[in-house]
**Q** 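Take a look at this one; I'll ask things after.
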Amino acid sequence: MAATQTRPAPHSPAPSGRGGFSVKRVQGIDLSAWGLRASTLIYLGALVVLPLFVIAVEGVRGGLDALWTSVTRPAALEAVWLTLTTSAVMAVVNVIMGTLTAVVLARYRFPGKRLFNSLIDLPFAIPTLVTGVMLVLLYGPQTAVGSFLDRELGLRVVFAPPGIILALTFVGYPFVIRAVQPVLEALDTRPQEAAYTLGASEWLTFRRVVLPAIAPAMLTGGLLSFARALGEFGSIVVVAGNLSKTAAVYIYGQVENGDMAGASGVSLLMLAIALLVTFMVSRLNRGVQHG
Amino acid sequence: MVERRTNGVVGWLLIALVLGYAAILLLAPLVSIILGALKNGVEPLIEDLTTPDALSALGLSFRLALLAALTNGVLGLVSAWVLARHNFPGRRALNALVDMPFVVSPVIVGYVMIVLFGRVGWFADFPIKLAFSVEAMFVVTVFVSLPFVIRELQPVLAALPPEHEEAAYTLGASRWLTFRRVIFPALRHALTVGVMLALARALGEFGAAAIIGGAVEGSTETATVFINRTLLDRNPSAAYAMSLLLGLFAIALLMIMNYIRHIGGKKHVHTH
C-alpha cells in the first residue's frame with residue numbers, strides 16, 4: 001500500500017492555528033491521499049451534484065417560456081401553494097411545541113424523562129409511508145376518532161389539508177427539539193441567576209435572557225423542518241391521496257403520465273426553494289458561530 | 001439552563017402539556033397501527049407477512065437497505081475524512097451539498113433517474129438497463145441515505161485531539177496504522193450510529209423507489225411499495241401487517257442507536 005511509504009516527517013511542526021490540521025500536510029505526491037479525494041469527489045459528485053445539474057438543465061431545456069408555462073399551470077401553482085402553506089403551518093407549530101418540549105426537558109425532572117427523550121427521534125426512524133398508514137388508521141373516516149371529529153367538529157382530517165399538516169408535524173417533530181436542546185444545555189446559567197437575584201420573575205427571565213439565546217436555534221430547527229417537509233411524499237400520498245396534491249405528489253403524477261415538461265418545471269422550482277432555505281440555515285449558523 | 005429542584009404547579013402543567021402533545025402526536029398513531037394490525041389476532045398477521053409477494057418485498061427492501069447503508073458507511077467514512085482533513089478548492093461547497101438528500105424530494109431523485117436512463121433519457125443507449133431496475137433503486141437508496149454517516153462522523157472527527165495522531169506518527173506508525181489503531185476506534189460508535197440511521201432511512205424509502213422501480217409485484221416491489229399497493233388493492237390487512245413490521249423494526253433500530261450513543265457518551269441526533 002502506498003500509504004506505508006509516505007509517512008510524514010517524524011518531527012512535523014506543532015499544530016498551528018486551526019487545531020489538528022497540521023497532520024494532513026504531506027510532502028511530494030501522495031497516491032493514497034489522491035485516491036481518497038478522488039473517491040469522495042466521484043461519490044458526492046455523481047450522487048449529489050449530478051442530480052442537481054440534471055434538474056437545472058431539464059428545467060430550462062425547453063426555454064424560459066416553457067418553464068414559466070409549466071410552473072404557472074393552475075394545478076402546478078395549487079400544488080406548490082398547498083406545499084408551502086402546509087409546511088409553513090407545520091413549521092410554526094413545531095417551533096412552538098418543539099421549543100416548549102426542549103425547555104421542559106432541560107428544566108424539569110419527571111419520571112420517564114429518559115425514555116421520552118429517546119422516543120423523540122421516532123419520526124426519524126419510522127418510514128413516512130407507515131406514518132401515513134398510522135394516521136389513516138387513527139383519523140380515517142371509518143375510525144372512532146375520525147368519525148367523532150367529523151360529526152362533532154365538522155373537521156375532516158384524512159384526505160384533506162389538516163391530514164397533510166398532521167403528517168408533516170409528525171415527520172418534523174424532532175427537528176426543533178434537537179436544534180434547541182444542545183443550546184439550552186450549553187447555556188451559561190449565570191445571566192439567569194443574576195436576573196433572578198435582581199428580582200426578575202421566571203417568565204421575564206425566560207423572555208429576556210433565555211429566549212434571545214435560543215432564538216437562532218429555534219429558527220434553524222424550524223427552517224430545517226420546513227425544508228424537509230417541502231419534499232415529503234410517503235405520508236402525504238396515503239393521508240391525502242390524490243385529492244389534495246402537494247408538489248411531490250404532483251411531480252409523481254406528471255412522471256407517471258409521461259408529462260416530463262410538467263415535472264421538470266415544478267422540480268426546479270421546489271429545488272430552488274429548498275436550496276434557498278438550506279442557504280439561510282447555513283448563513284444563520286455561521287452568524288451564530290461568529291457572533 | 002438552570003434545572004429546577006422542584007417543578008411547581010406551572011412546571012407540572014408544562015410537563016403535562018408536552019407529554020400530552022407527544023402522546024397524541026406520536027403514541028396514539030403507534031397504538032392504532034398495533035391495534036389495527038392485530039385486530040384479527042396474530043395468525044392472520046403472520047399469514048399476511050408470509051405470502052410470496054410479502055416475503056419477496058421484504059427481501060428486496062432489506063437487501064437494498066443493507067447494501068446502501070454499507071456503501072454509505074465505507075464511502076461516507078472516506079468522504080468525512082477527506083472533507084475534514086484535506087484542503088482543496090470547492091471543499092466548503094461540497095460539504096454544504098452533503099445535506100441535499102435531506103431536502104430534495106425522493107420523487108425528484110426518481111425523476112432524475114428516468115431523465116438520465118429512461119427510454120428517451122440522456123443515456124437511453126446505456127448498455128445496462130438502469131431505469132425500472134433494481135440497480136437504479138440501489139442508486140437512489142444510496143442517495144436518500146447519504147448524509148447520515150458523514151454528518152455523524154464530522155463532529156467526532158473535528159473534536160479528535162491531534163496529539164494522539166502526532167504521537168503515533170512520532171513513534172513511527174504509518175498513516176494507515178495510525179488510522180486503524182488511533183483514529184478508527186474513536187469513530188467506531190459514530191460510524192455504527194450513522195450506518196444504522198442510513199439503514200432506517202433506506203428501509204423507509206418510498207417515493208424514489210415507487211417512481212423508478214415500476215413496482216412490478218415480486219420483482220421490483222419493496223416493502224413500502226407493497227404497503228402502498230395492498231392499500232390501493234383494498235387488502236388493508238396486508239398493508240397494516242407490513243406497516244407494523246417496519247414500524248417495530250424502526251423502533252428496535254432506534255433503541256439500539258440510543259444504547260450505542262449512551263455508551264458512546266453522546267446524547268442525541270445531530271439533524272445537520
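Per chain, numbering begins at 1; letters A, B, ... match sequence-line order. Fair warning: this is a prediction, and the values are worked out from it, not measured in the lab.
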**Q** For L30(B), is it the side chain, the backbone, both or neither that has a heavy atom under 4.5 Å from a heavy atom of chain A?
**A** both
**Q** Where does V57(A) contact chain B at under 4.5 Å (heavy atoms): side chain, backbone, both or neither?
**A** side chain
**Q** Pick whichever of G110(B), S79(B), G204(B), A200(B) has the most heavy-atom pairs under 4.5 Å with chain A.
**A** S79(B)
**Q** Checking P123(A) against chain B: side chain, backbone, both or neither under 4.5 Å from a heavy atom?
**A** side chain
**Q** Select one option (side chain, backbone, both, neither) describing which atoms of R61(A) are under 4.5 Å from chain B's heavy atoms.
**A** side chain
**Q** Checking heavy atoms, do the side chain of Q254(A), its backbone, both or neither come under 4.5 Å from chain B?
**A** neither
**Q** For T224(B) and L129(A), which heavy atoms make the closest approach, and how far apart are they?
**A** O-CD2, 2.9 Å
**Q** Which pair of heavy atoms, one from V78(B) and one from S39(A), lies closest together, and at what distance?
**A** CG1-OG, 3.9 Å
**Q** Do Y21(B) and L100(A) pass the side chain to side chain contact (heavy atoms under 4.5 Å, CB included) test, and can you show the C-alpha distance, the side-chain angles, and the key distance before you say yes or no?
**A** CA-CA 11 Å; Y21(B) 177 75; L100(A) 197 60; over 6 Å; no
**Q** Give the member of V104(A), I273(A), L137(A) that has the highest number of heavy-atom pairs under 4.5 Å with chain B.
**A** L137(A)
**Q** To the nearest 0.5 angstrom, please state how far the CG atom of L26(B) sits from the CD1 atom of I120(A).
**A** 8.5 Å
**Q** How long is the gap from CE on M255(B) to CG on D121(A), to the nearest 0.5 Å?
**A** 9.5 Å
**Q** Side chain, backbone, both or neither: which part of V136(A) has an atom under 4.5 Å from a heavy atom of chain B?
**A** neither
**Q** Rounded at 0.5 Å granularity, tell me how far OH in Y43(A) sits from CG in L146(B).
**A** 3.5 Å
**Q** Can you name the nearest heavy-atom pair linking L138(A) to P29(B), along with the distance?
**A** CD2-N, 3.7 Å
**Q** Is F124(A) close to R201(B) at the side-chain level, that is, under 4.5 Å between some pair of heavy atoms?
**A** no
**Q** Which bit of F206(A) comes within less than 4.5 Å of chain B, counting heavy atoms only: side chain, backbone, both or neither?
**A** side chain
**Q** Does any heavy atom of chain A fall under 4.5 Å from the side chain of I34(B), the backbone, both, or neither of them?
**A** neither
**Q** So does K113(A) have more than 12 non-hydrogen atoms from other groups sitting under 6.0 Å from NZ?
**A** yes
**Q** Quick one: pull up CG in L17(B) and CE in M97(A) and give me the separation to the nearest 0.5 Å.
**A** 4.5 Å
**Q** Under a 4.5 Å cut-off applied to non-hydrogen side-chain atoms, are H262(B) and R114(A) in contact?
**A** yes
**Q** For chain A, which candidate among V98(B), L97(B), L177(B), I251(B) shows the most heavy-atom pairs at distances under 4.5 Å?
**A** L97(B)
**Q** I'd like to verify something: which residue of V142(B), L19(B), L199(B) has the highest number of heavy-atom pairs under 4.5 Å with chain A?
**A** L19(B)
**Q** At a 4.5 Å cut-off on heavy atoms, which part of T143(A) comes close to chain B: side chain, backbone, both, or neither?
**A** neither
**Q** Of all of I251(A), V130(A), L187(A), which one pairs up most often with chain B through heavy atoms under 4.5 Å apart?
**A** V130(A)
**Q** If you compare all heavy atoms of V48(A) against all heavy atoms of F143(B), which two are closest, and at what distance to 0.1 Å?
**A** CA-CE1, 4.2 Å
**Q** Let me know if L77(B) has heavy atoms under 4.5 Å from chain A in its side chain, its backbone, both or neither.
**A** neither
**Q** Against chain A, label M196(B) side chain, backbone, both or neither, depending on which of its atoms sit under 4.5 Å from a heavy atom there.
**A** neither
**Q** Roughly how far, to the nearest 0.5 Å, is CG of L44(A) from CD1 of I150(B)?
**A** 5.0 Å
**Q** Side chain from CB out, backbone as N, CA, C, O: work out which of these in Y139(A) comes under 4.5 Å of a heavy atom of chain B, or both, or neither.
**A** side chain
**Q** Nearest 0.5 Å, what's the OG-CD distance between S105(B) and E232(A)?
**A** 8.0 Å
**Q** Top residue by heavy-atom pair count (under 4.5 Å) with chain B, among T128(A), V210(A), T169(A)?
**A** T169(A)
**Q** Would W203(A) and V10(B) count as a side chain to side chain contact (heavy atoms under 4.5 Å, CB included) here? Give the steps.
**A** CA-CA 11 Å; W203(A) 171 238; V10(B) 179; over 6 Å; no
**Q** Give, as side chain, backbone, both or neither, the part of N72(B) having an atom under 4.5 angstrom from any heavy atom of chain A.
**A** both
**Q** Give a yes or no on whether F88(B) atom CZ has more than 12 heavy-atom contacts from other residues, nucleotides or ligands under 6.0 Å away.
**A** yes
**Q** Sort V238(A) into side chain, backbone, both or neither according to what part of it lies under 4.5 angstrom from a heavy atom of chain B.
**A** side chain
**Q** Would you mind checking which part of Y173(A) comes under 4.5 Å of any heavy atom in chain B, side chain (CB onward), backbone (N, CA, C, O), both or neither?
**A** side chain
**Q** Can you tell which of G234(A), S118(A), A274(A), A248(A) has the highest number of heavy-atom pairs within less than 4.5 Å of chain B?
**A** S118(A)
**Q** Counting only heavy atoms closer than 4.5 Å, note whether A22(B) contacts chain A via side chain, backbone, both or neither.
**A** both
**Q** What part of V237(A) lies closer than 4.5 angstrom to a heavy atom of chain B: side chain, backbone, both or neither?
**A** side chain
**Q** At a heavy-atom separation under 4.5 Å, does V54(A) approach chain B through its side chain, its backbone, both, or neither?
**A** both
**Q** Heavy-atom distance under 4.5 Å to chain B: side chain of L50(A), backbone, both or neither?
**A** side chain
**Q** Given heavy-atom pairs under 4.5 angstrom as the criterion, report whether the side chain, backbone, both or neither of F170(A) touches chain B.
**A** both
**Q** Check whether V104(B) gets within reach of chain A through its side chain, its backbone, both or neither, counting any heavy atom under 4.5 Å.
**A** side chain
**Q** If you take all heavy atoms of V103(B) and R228(A), which pair is closest and at what distance?
**A** CG1-N, 4.3 Å
**Q** Let me see the working for W122(B) and E58(A) under side chain to side chain contact (heavy atoms under 4.5 Å, CB included), right down to the final yes or no.
**A** CA-CA 10 Å; W122(B) 294 11; E58(A) 278 297 302; 2.8 Å; yes
**Q** Between L75(B) and chain A, which part of the residue has a heavy atom less than 4.5 Å away: side chain, backbone, both or neither?
**A** both
**Q** Are I108(B) and F233(A) close enough, and set up right, to give a side chain to side chain contact (heavy atoms under 4.5 Å, CB included), and what steps lead you there?
**A** CA-CA 10 Å; I108(B) 297 183; F233(A) 178 68; over 6 Å; no
**Q** Is the shortest heavy-atom distance from the side chain of W12(B) to the side chain of F110(A) under 4.5 Å?
**A** yes
**Q** For chain A, which of I33(B), I15(B), N228(B), L232(B) has the most heavy-atom pairs under 4.5 Å?
**A** I15(B)
